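Take a look at the structure set out below.
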Amino acid sequence: MKTEFIVNNNRYNPSDIEPKWQKQWEREQCFIVTHKDNRPKYYVLEMFPYPSGRIHMGHVRNYSIGDVVARLKRMQGFNVIHPMGWDAFGLPAENAAIKNKTHPAEWTYQNISYMKAELKKLGYSYDWSKELATCHPGYYKWEQLFFLKFMEKGLVYRKKAPVNWCPKCLTVLANEQVESGVCWRCESVVERKELSQWFLRITRYAEELLECLDSLSQGWPERVITMQKNWIGKSTGMEIDFQVEGLDKKIRVFTTRQDTLFGATFMSLAPEHELVQELIQDSPDKNQITAFINKVIRMDQLDRTADNMEKEGFFTGKYCINPVNGEKMPVFIANFVLVEYGTGAVMAVPAHDQRDLEFARKYDLPVRVVVQPEDGGALSDDMEKAYAGPGTMVNSGQFDGMGNEQFKEAIADFLEEKALGKKTVNYRLRDWNISRQRFWGAPIPIVYCEQCGAVPVPEEDLPIILPQNAIMPEDGKSPLPELKSFLDTPCPQCKGKGRRETDTMDTFVESSWYFARYADPRNENAPFDKKASKYWLPVDQYIGGIEHAILHLLYSRFFVKALRDIGYLEIDEPFSNLLTQGMVLKDGAKMSKSKGNVVDPDEMISKFGADTVRLFCLFASPPEKDLEWSDSAIEGASRFLNRLWRLTMELLPELKPVGPCKVLDQLSLNHAEKSLRTKEHETIMKITRDMIDKFQFNTAIAGAMELVNAIYHSKDELKDSFNGQEVLSSAISSVLTVLSPITPHVCEELWAMLGYDYPLSQSSWPQYDSLALQRDEVLVVIQVNGKLRSKISVPADISREKLGQSALKDEKALKHIQNKEIIKTIIIPQKLVNIVVKD
RNA sequence: GCGAGAGUGGCGGAAUUGGCAGACGCACUGGACUUAGGAUCCAGCGGGAUAACCGUGGGGGUUCGACUCCCCCCUCUCGCACCA
């Protein structure tokens, strides 16, 4: 057995050993798991890829990190589920289908099979028996069921609303998918359209989504939590009604500053506000105002919210009445008021709001200070900057003199008592528009009937399958609205003529629950078996890019809560711990075809082997930070594995498989033996801390390299010493064991060559011996006035006094002490002596 | 503008959380082995006249001692951005 290896392989040849171990792991089903197991479970998951055609370096980095975690946790004794699948619906498949005159499914499944082979070449320890593709009816059937269940619970509704339209993708987008006015996918400027769409009522969970973020603060990066908090955008305040003069109408505003109500001098409405038409009805400037409104409404999101957008407005000709002081306030239409936030109407308090002040100055409207700061000069109405801070109430009738914070409460109670207003909580979060005018997505299980309206498809008729015979039209539109075989169907209720919904679901719906399906992906009777999902969920460690900080991560959190409330899940949150890995850069920029700075993983694997690629990805940078690709640095990684290979080869004839961290009697070891053994155990301690506690694989690898260097430097001496062979064998075994999650193939190979009859993939994480950490002598630093002057080696157990005395005897230190008065001496045992002197 | 994070050799990055700044690697320099070296091994590698000394974006402070803690400032990255 042993000789066979040596004869065939005295050179490190990854292209031989990697496929060999991959086949063996597969043959022995090493990574296939079930929930029927007594070990504690651990669920590690990486964000599944869109099958775009090829794996890119970003994937390699993401999945390499995940694989290290999976292999590590297995070695720690967990029953690890580590699944992989495909986020398989999406627009690129449609475009490719048009180009190649095929069906999107064909392109998608081809890509899946190619990319799966690529992933296998990287040696990832996935349980492939749990693989899923979201475009498979066996998957989206359950999503359609969830849609129906959500509908029963009022979590789904259809509404005609202004929506975000991407003119290039020819579909609507959810608010989360519009990033500063442009489409998240193609960066086209988003347009406004009025359409009837299906919405998921994520806002019902706004408060819980916000609150639970606190429970995630241990396991999630703070910035993701902050981003989600901002997105949910909770603010507490009041809704207050203002009577319109001469009309039987009220304008309701939302404000967080009800304490400034006495300072409200005019009213601003969004151009889309429902009362606008009625208010301008009799205005002599009606035509001008209408033109203004149309201009603003027609502007795209990007321009309308641009920095340099000047505040503009028009007086409607109407007044409303300030409910607390009965004053007349002119009602304006203003371009900066957003219809989608609050009530689309703002009480303007120019003295205490910068926007209102600018507007007031422009249109010469009155400014009235109602909050005077306690310190600093008193504010007057000709102020140049609005004051938003705390202070004392003035110009506020009987409330003058009160602190504004206190008044905020008081006026709230007062207004509620008089039925003029209501305390409310407002969120920026909007309901999730999931209708997409695309073909390659999960059909929404609804039939429209002239008699019965929008009728849900009965459960037993699911799945509604995407037609296999659809031909993608050249114009890029969905073929579904024209496809009679799909469209025509009897109404489930009255059996009359019905027409299927042709919109499909946002692809973010699929990714909102795939992690739960992995628990039981082949179940044909339910989305997942209760026992299986209860055992595996939640995901213990989730790993992916920061770009999903809001999108996917917020939707998934919502889905889990909704599925919990309809009885499918028992968890509150999907992902206990989240690691957001940095991007892979080349020449300082994200890799992209257009920049021509793409590094192809396949090419790297065939050149250096998967282990080297994995090692480089983990060594070059800590996981959260961006990683700069370097052709010469990957050669360094390759060089290290070669060095490890040669070292083991050289020592092979001398070594027996004694196991990592072999128990040895410290007293029987000579100096060199003890020294390497100490280094071995120190390294295990360091790597355990770095890898298991901190996921800092870069420093863990550095530690392993140090140990390899130490073995190199002592091997010639130890080869012939009494205990040397055992010390060397233990040290090498330790290196192979701790590196095995990172570079599994080469470690397995060398491990087997050392003569072990069980694989590393079934080994345990090594335990260091704290006795081995103890050194007889330690190096102590001597400082004079805080400056390093010397280093001395002293017995580890030396007393403080003796240590101080030794320091004062040190020649190099003496040079800096001579003729000076010693004021004091700081002694830190085993570390340092600082002698403080006076000139 | 608001919020978060970062700034350390030629480069990627370390530093047990207040105790040797620059681990580990890349690049580079010298040497060895060699028909050859882009393989390997050995040595060096912050600056500086290799002496003092100066060095973790800049300036102050606390401390025996500061990359680390406090205050002010500069720069960069990311997120949000008229949210009432």
Side-chain angles (χ1 to χ4, degrees), chain A residues 11 179-181 221-231 233-235 237 253-258 260 264 268 270 304-307 309-311 334-338 340-349 352-356 358-359 388 426-428 546-547 549-550 582 585 615-616 619-622 624-637 639-640 642-643 646 682 685-686 689-690 696 698-709 712-713 779-791 823-828 830-837:
Chain A
R11 285 189 53 175
E179 293 169 351
S180 36
E222 196 186 305
R223 63 176 180 141
V224 176
I225 291 180
T226 310
M227 283 165 76
Q228 292 216 353
K229 275 188 182 161
N230 291 342
W231 188 261
K234 178 181 182 176
S235 52
V253 302
F254 172 75
T255 181
T256 55
R257 290 298 306 271
Q258 62 270 16
T260 63
S268 306
R304 195 164 163 183
T305 56
D307 296 356
M309 178 74 178
E310 184 160 352
K311 290 180 182 39
N335 64 350
F336 65 91
V337 179
L338 307 171
E340 61 269 18
Y341 186 78
T343 60
V346 182
M347 68 174 209
V349 186
H352 304 291
D353 183 290
Q354 189 57 29
R355 295 156 301 183
D356 294 343
E358 284 168 31
F359 196 85
N426 197 49
Y427 299 91
R428 293 177 58 187
I546 186 80
E547 65 273 17
I550 308 282
L585 309 176
L615 181 67
F616 171 76
F619 180 56
S621 172
E624 323 71 54
K625 287 186 67 174
D626 287 347
L627 179 153
E628 174 70 29
W629 184 267
S630 158
D631 290 327
S632 51
I634 193 174
E635 289 189 38
R639 200 141 57 208
F640 170 70
N642 270 289
R643 192 168 144 83
R646 285 194 311 274
E682 280 174 353
M685 179 173 74
K686 177 198 161 55
R689 195 178 56 226
D690 287 354
Q696 292 207 353
N698 56 330
T699 51
I701 293 164
M705 288 172 166
E706 276 189 62
L707 181 52
V708 169
N709 290 343
Y712 256 98
H713 291 129
L779 202 63
V780 169
V781 168
I782 302 177
Q783 298 181 334
V784 178
N785 284 351
K787 284 186 180 164
L788 177 69
R789 294 303 180 190
S790 184
K791 293 174 192 179
I823 299 170
K824 63 172 158 177
T825 312
I826 315 277
I827 298 169
I828 314 286
Q830 310 218 355
K831 279 233 162 102
L832 137 162
V833 177
N834 187 12
I835 302 157
V836 185
V837 298

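Here the structure is a predicted model, which is why all the values come from computation and not from measurement. In what follows, every chain begins at residue 1, and chains take the letters A, B, ... in the order their sequences are listed.
- For the pair A:K311 and A:F336, the cation sits on the ring face: its NZ or CZ lies under 6.0 Å from the ring centre, inside 45° of the axis.
- Residue A:H713 is classed as a sugar-phosphate contact, given heavy-atom separations below 4.0 Å to backbone atoms only.
- A:A270 and A:L338 get closest at one heavy-atom pair: CB-C, 4.0 Å.
- In this model, the phosphate group of B:C53 is approached by a side-chain N or O of A:R789 to a distance below 4.0 Å at OP1 or OP2.
- For B:C67 and B:A27, the C1' atoms lie 25 Å apart once the distance is rounded to whole Å.
- At the phosphate of B:C64, OP1 or OP2 sits under 4.0 Å from a side-chain N or O atom of A:K824.
- Across the interface with RNA chain B, nearest-nucleotide mapping of A:L788 and A:L627 shows A:L627 to be the residue nearer the 5′ end.
- OP1 or OP2 of B:A39 has not a single side-chain nitrogen or oxygen of A:R11 nearer than 4.0 Å.
- Here, B:G19 and B:G38 have their C1' atoms 44 Å apart, quoted to the whole Å.
- Distances shorter than 4.0 Å separate some side-chain N or O of A:R639 from OP1 or OP2 on B:A27.
- When the side-chain nitrogen and oxygen atoms of A:N698 are compared with OP1 and OP2 of B:A14, one or more of them lie within a distance under 4.0 Å.
- Taking syn as a glycosidic angle within 90° of 0, B:G9 qualifies as syn.
- Syn is the classification of B:U17, since its glycosidic angle stays within 90° of 0.
- Across all strands shown, A:Q783 has heavy atoms under 4.0 Å from base atoms, whether or not it also approaches the sugar-phosphate.
- Side-chain to base pairing of A:K831 with B:C20: no donor and acceptor N or O lie closer than 3.5 Å to each other.
- Contact annotation for A:G636: backbone-only contact, meaning every heavy-atom pair under 4.0 Å involves sugar-phosphate atoms and none involves a base.
- Counting heavy atoms from C-beta on, the side chains of A:I835 and A:K824 never come closer than 4.5 Å.
- Using a 4.0 Å heavy-atom distance criterion, A:K787 is classed as a sugar-phosphate-only contact.
- Look at A:R643 and you won't find any side-chain N or O under 4.0 angstrom from OP1 or OP2 of B:A39.
- Separating the C1' atom of B:C72 from that of B:C64 is a span of 26 Å, rounded to the nearest Å.
- Comparing atom distances between the A:S632 side chain and each of B:G19, B:G13, B:C26 picks out B:C26 as nearest.
- Regarding contacts with the backbone of B:A4, every side-chain N or O of A:N230 stays at 4.0 angstrom or more from both OP1 and OP2.
- A:E624 places no side-chain N or O within 3.5 Å of a backbone atom of A:G582 that could act as its donor or acceptor partner.
- An OP1 or OP2 oxygen of B:C80 is reached within less than 4.0 angstrom by no side-chain nitrogen or oxygen of A:R428.
- Taking the O4'-C1'-N9-C4 or O4'-C1'-N1-C2 dihedral as appropriate, B:U50 has a value within 90° of 0 and is therefore syn.
- Between the side chains of A:N709 and A:R643, at least one donor N or O lies within less than 3.5 Å of an accepting N or O.
- One interatomic measurement links the two molecules: CD of A:E628 to C1' of B:C26, which rounds to 12 Å at whole-angstrom precision.
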